[in-house]
Amino acid sequence: MTAVDRSGAAPAADTDDTAAVQEKWQAYWDKHDTFRAADAGGDDDRPRRYVVDMFPYPSGDLHMGHAEAFAIGDVIARYRFQRGDNVLHPIGWDSFGLPAENAAIKRDAHPADWTYANIDTQAASFKRYGISFDWSRRLHTSDPDYFRWNQWLFLRFFERGLAYRGGGLVNWCPTDQTVLANEQVVAGRCERCGSEVVRRSLTQWYYRITEYADRLLDDMAQLEGGWPEEILLMQRNWIGRSQGADVHFAVEGREEPVTVFTTRPDTLYGATFFVVAADAPLADELCAPECRDAFDAYRAQVARLSDIERQSTEREKTGVFLGRYAVNPVNGERIPVWAADYVLADYGHGAIMAVPAHDQRDLDFARTFDLPVRVVVDTGQPDPAETGTATSGDGVLVNSGPLDGLAKAEAIERIIQVLAERGTGSGAVNYRLRDWLLSRQRFWGTPIPIVHCEGCGEVPVPDDQLPVTLPDLRGADLAPKGISPLAAATDWVNTSCPRCGGPALRDTDTMDTFVDSSWYFLRYCSPRYDDGPFDVEAVRRWGPVDQYVGGKEHATGHLLYSRFFTKVLYDMGLVDFTEPFKRLLNQGQVILNGSAMSKSTGNLVDLGAEIDDYGVDAVRLCMLFAGPPEDDIDWADVSPAASVRFLNRALRVMTEAGAASAPGTDPGTGDLELRKVTHRTIHQITQLLEVNRFNVAIARIMELVTAARRVIDSGPGAADPAVREAAETIAVTLSLFAPYVAEEGWERLGHAPSVAIGNWRAADPALLVQETVTAVVQVAGKVRDRLEVGPEISAAELERLALASAKVSAHLGGVPPRKVIVRAPKLVNIVPG
RNA sequence: GGGGCCGUAGCCCAACGGCAGGAGGCGAACGGUUUAGGUCCGUUACAGUGCGGGUUCGAAUCCCGCCGGCCCUACCA
């Protein structure tokens with residue numbers, strides 16, 4: 001074969017060739033199971049590497065967002081494959097969920113039809129997209145083999161008291177006709193459909209994640225450095241640990257005292273009234289008969305408010321006096337009890353002591369209803385009663401009996417002591433985090449494996465009767481009716497009690513699909529295992545996940561739940577680590593013209609069409625080259641066409657080198673400058689990949705291609721051994737980003753496939769050293785001269801050379817330097833006298 | 001209201017205390033190749049790092065304030 005005629009069509013320039021190359025290598029990878037993880041222990045001493053992309057929801061075909069996220073995960077996995085590691089890079093589908101149900105209603109079909117059809121579509125697209133998955137481990141959470149273990153885990157949680165059924169106010173989405181977890185409510189709206197969420201009092205299943213709040217906080221120390229600081233911060237805020245005290249207030253006419261939580265027990269002497277959440281049962285109970293009408297009217301008014309209205313901070317404070325008095329435990333003072341909606345029923349104890357001088361919300365309320373304001377911490381700022389601005393800083397305690405004269409921190413400590421001695425309070429911690437509301441009144445999910453028996457109560461379904469599968473409901477059967485569609489499946493619901501054998505009813509709710517995704521990364525380690533959710537030994541081998549890749553929208557949902565599950569499993573002795581993901585990378589979004597892509601506004605780029613036009617490699621490459629993986633990519637700013645041109649250039653270098661020399665040629669006699677570029681490129685790319693700087697790594701490959709081109713055209717020519725060395729390096733490094741072109745080039749270089757595994761090379765240190773270094777000579781921080789010096793030059797010698805420079809003396813103007821800073825061999829800075 | 005991130009050529013981005021004749025790319029102009037266009041090869045132009053202070057021998061880089069944009073959170077006592 002002779003050198004390719006560059007005036008003609010380049011080998012992969014037209015889309016037919018690109019498509020043919022893609023099909024060829026896709027078939028090769030498929031046939032040879034190139035990316036299958038080796039699961040044996042024993043003699044395989046390669047480092048194990050576990051790379052997981054957040055698994056997709058099967059809502060139609062893959063889109064641009066998937067393309068970016070999975071391209072990033074693929075680079076990380078392929079880099080490890082190239083280094084010769086034993087890599088586990090699995091794929092699965094998060095295949096339970098509401099959209100399937102809605103589609104089934106619309107089409108009068110079963111949710112599984114839509115779901116599995118979409119999974120097939122996405123799987124085919126992933127293969128076309130060239131992602132290095134181990135396909136043998138594929139899983140779907142809607143398979144009974146999978147959700148069976150959701151149920152098994154639920155029962156273990158139940159046994160440990162970590163799953164419970166409880167009443168309370170819950171978020172209800174009127175459109176989806178189901179309850180939502182706190183994490184699924186965004187600004188008072190259903191995260192999925194955007195409807196305004198309303199509050200309902202219902203009995204629901206919960207996972208007791210709050211019991212793990214402290215460990216979820218403390219174990220973040222393990223994640224520092226591996227996770228984005230931003231995500232850790234969001235989780236910290238979400239958990240929202242507050243240190244303070246519980247204080248018991250006697251309430252006249254009530255036997256039991258009412259406890260309040262406060263972070264400012266030091267201000268106890270400044271409490272001038274008492275507030276109970278209007279929607280809490282306590283308010284109803286405490287309401288005096290003469291206030292009943294006013295209270296009922298107020299409560300009805302609050303109930304009418306949507307969460308959005310209620311949460312508006314602009315709103316005037318509202319409330320109503322309950323006709324009762326609470327007694328301050330430290331000074332016996334009677335303070336009026338009010339009901340108001342600015343106190344939340346489900347935080348703390350649903351009641352507060354109001355200290356208007358030192359809490360803005362209490363002050364706003366006091367001013368609205370003309371309640372007294374008493375300063376108990378002198379901060380040196382003006383009187384809140386006058387200014388309307390509460391003071392919350394440090395200061396000296398006043399009007400506070402034994403606390404007078406203490407500083408804030410001392411007073412907090414002291415008062416907790418006093419309360420404890422008298423039995424009227426204690427130090428306490430509260431969390432913003434709520435328990436995880438688990439049950440959903442929908443069909444396409446994991447049935448909760450509990451049977452309700454009149455005699456025995458909540459009875460777990462025995463392990464050997466799992467899985468509890470779904471009845472065959474379809475179409476209109478699934479229409480939302482406020483109770484789970486399962487409740488209408490009489491044959492399914494009616495069962496016998498596992499304990500007493502009497503007639504009983506199945507629980508008709510299904511689990512939040514976040515349960516499914518809280519442990520799937522463990523299932524991948526032994527996806528067909530049927531003696532438990534996973535083979536403990538397999539997880540010991542692979543876990544925890546070395547690198548997790550996914551969007552930051554899961555910061556306080558999925559990622560928190562997965563951490564919680566991992567800790568529970570650790571406590572059960574099933575895993576030997578307490579954090580599931582060592583490193584986390586949050587890729588940015590793919591946007592268009594500055595805003596999110598969306599079907600409804602037509603602001604959309606179709607992934608399939610882009611691939612048809614430019615090829616998989618070019619689409620992948622231009623996304624990875626656009627910027628750091630964490631940044632958003634505006635499709636208006638990227639150029640897949642430019643990637644096509646670059647890939648053609650790269651392939652041409654590989655083709656020409658392949659035609660001019662044979663594999664195994666000793667590079668030692670080749671063009672030295674090109675060899676240095678090659679080895680410097682290897683060195684730099686290796687470092688860049690360790691820190692996920694893919695865009696810069698690609699730029700380095702571009703430089704190498706340009707350098708090789710120069711040697712071919714205007715240097716020793718394509719047969720030079722250094723050209724082969726460069727071309728092979730291009731194939732190996734490019735294989736992470738543009739796997740099809742890399743395989744094709746590798747083959748044209750005369751190598752047997754595949755280029756993808758174990759071909760990473762170390763840079764030759766001898767070729768990295770520079771014979772001379774340019775030392776910069778600054779005068780007063782400005783560059784005035786450059787010196788070519790040896791890399792080993794001593795500081796003293798470099799200083800001597802710098803001071804001898806004519807340009808330097810010109811700038812010094814005869815005045816002796818005051819100071820000389822030498823950073824051999826790169827820099828000298830001379831400070832004039 | 002609270003918390004966080006980010007502002008470098010027309011555009012995307014590098015450098016993250018030590019050379020901004022910017023690493024790379026897009027776009028632009030010009031030249032070569034071509035019947036022509038595209039491709040391909042080559043050359044050129046364009047910023048001094050949002051603004052104002054400070055620390056330092058030296059600041060795009062660290063600190064403070066402001067302006068602009070984005071994100072999270074939102075009456076959590």
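Labels below follow one simple rule: chain letters A, B, ... track the order of the sequence lines, proteins then strands, and each chain is numbered from 1.
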Legend entry - For A:E224, salt bridge (Lys or Arg N to Asp or Glu O under 4.0 Å) partners two or more places apart: A:R236
Legend entry - Rounded distance in Å between the C1' positions of B:G53 and B:C67: 15 Å
Show the distances under 3.5 angstrom between N or O atoms of the protein and N or O atoms of nucleotides 7-9 of chain B.
none

Legend entry - Separation of B:C72 C1' from A:E229 CD (nearest whole Å): 14 Å
Legend entry - Euclidean distance for C1', B:U39 against B:U34 (whole angstrom): 10 Å
Please tabulate, for side-chain N and O atoms in residues 343-357 of chain A, each donor-acceptor pair with protein atoms closer than 3.5 Å (sequence neighbours left out).
unit_1, atom_1, unit_2, atom_2, d
A:D346, OD1, A:R434, NH1, 3.0
A:D346, OD2, A:R434, NH1, 3.0
A:H349, NE2, A:D246, OD1, 2.9
A:H349, NE2, A:D246, OD2, 3.4

Legend entry - Inter-nucleotide C1' distance (B:U56, B:C41), Å rounded: 48 Å
Inset, instruction - For B:A14 versus B:A9, give the span between their P atoms, rounded off to a whole number of Å. - result: 13 Å
Legend entry - Nearest-angstrom distance from the residue atom CZ of A:R236 to C1' of B:U73: 16 Å
Inset, instruction - Using atom CH2 of A:W635 as one end and atom P of B:C26 as the other, report the distance to the nearest whole Å. - result: 15 Å
Inset, instruction - State which residues pass ring-ring contact (aromatic ring centres under 6.0 Å, His included) with A:H554; sequence neighbours excluded, sorted by chain then number. - result: A:H558
Inset, instruction - Nearest whole angstrom, please: distance from the P of B:G18 to the NZ of A:K826. - result: 8 Å
Legend entry - Distance between C1' atoms of B:C40 and B:C16 (Å, rounded): 37 Å
For residues 693-704 of chain A, run the donor-acceptor check on the side chains, cut-off 3.5 Å, and write out each pair with its distance to 0.1 Å, sequence neighbours left out.
unit_1, atom_1, unit_2, atom_2, d
A:R700, NE, A:Q684, OE1, 3.0
A:R700, NH1, A:E703, OE1, 2.8

Inset, instruction - Take A:R709 and A:E656 through the salt bridge (Lys or Arg N to Asp or Glu O under 4.0 Å) test and state the conclusion after the steps. - result: CA-CA 10 Å; A:R709 179 85 261 151; A:E656 290 172 39; 2.9 Å; yes
Inset, instruction - To the nearest Å, give me how far apart CE (A:M234) and P (B:C5) are. - result: 13 Å
Inset, instruction - Examine B:G25: is either OP1 or OP2 under 4.0 Å from a nitrogen or oxygen in the side chain of A:S639? Give yes or no. - result: no
Inset, instruction - Ignoring hydrogens and angles, answer whether the base of B:C75 and the side-chain atoms of A:K317 contain a donor-acceptor pair closer than 3.5 Å. - result: yes
Legend entry - For A:A626, side chain to side chain contact (heavy atoms under 4.5 Å, CB included) partners two or more places apart: A:I633, A:V638
Inset, instruction - Examine B:A23: is either OP1 or OP2 under 4.0 Å from a nitrogen or oxygen in the side chain of A:R700? Give yes or no. - result: no
Compile the donor-acceptor pairs under 3.5 Å between side chains in residues 824-831 of chain A and protein atoms, sequence neighbours left out, one pair per line.
unit_1, atom_1, unit_2, atom_2, d
A:N829, OD1, A:G781, N, 3.0

Please list, for nucleotides 57-61 of chain B, all pairs of protein and nucleotide N/O atoms separated by less than 3.5 Å.
unit_1, atom_1, unit_2, atom_2, d
B:C57, O2', A:N829, ND2, 3.3
B:C57, O2, A:N829, ND2, 2.3

Inset, instruction - Would you tell me if any nitrogen or oxygen in the side chain of A:R645 comes within less than 4.0 Å of OP1 or OP2 on B:C26? - result: yes
Legend entry - Pair A:F274 and A:W338, ring centroids less than 6.0 Å apart: no
Legend entry - Atom C1', compared across B:A59 and B:C51: separation rounded to whole Å: 16 Å
Legend entry - Whole-Å C1' distance, B:C72 and B:C66: 23 Å
Legend entry - Partner set under side chain to side chain contact (heavy atoms under 4.5 Å, CB included) for A:L180, not counting sequence neighbours: A:N171, A:C173, A:T178, A:Q184, A:V185, A:C190, A:V197
Inset, instruction - Figure out the CD/C1' separation between A:E703 and B:A15, and round it to whole Å. - result: 13 Å
Inset, instruction - Return the set of residues passing side chain to side chain contact (heavy atoms under 4.5 Å, CB included) with A:V330 (not counting sequence neighbours), or none when no residue passes. - result: A:L268, A:Y269, A:N328, A:I415, A:L419, A:R422
Legend entry - Separation of atom CD in A:Q360 from atom C1' in B:A77, rounded to whole Å: 13 Å
Inset, instruction - Examine the side chains of A:S242 and A:N430 and answer whether a donor and an acceptor come within less than 3.5 Å of each other. - result: no
Inset, instruction - For A:E799, enumerate each residue passing the side chain to side chain contact (heavy atoms under 4.5 Å, CB included) test, keeping only those at least two apart in sequence or located in another chain. - result: A:L803, A:V820, A:V822
Can you name the atoms? Protein N/O to nucleotides 11-13 of chain B N/O, anything below 3.5 Å, with the distance.
unit_1, atom_1, unit_2, atom_2, d
B:C11, O2', A:D637, OD1, 3.3
B:C12, O2', A:A626, O, 2.9
B:C13, O3', A:N695, ND2, 3.4

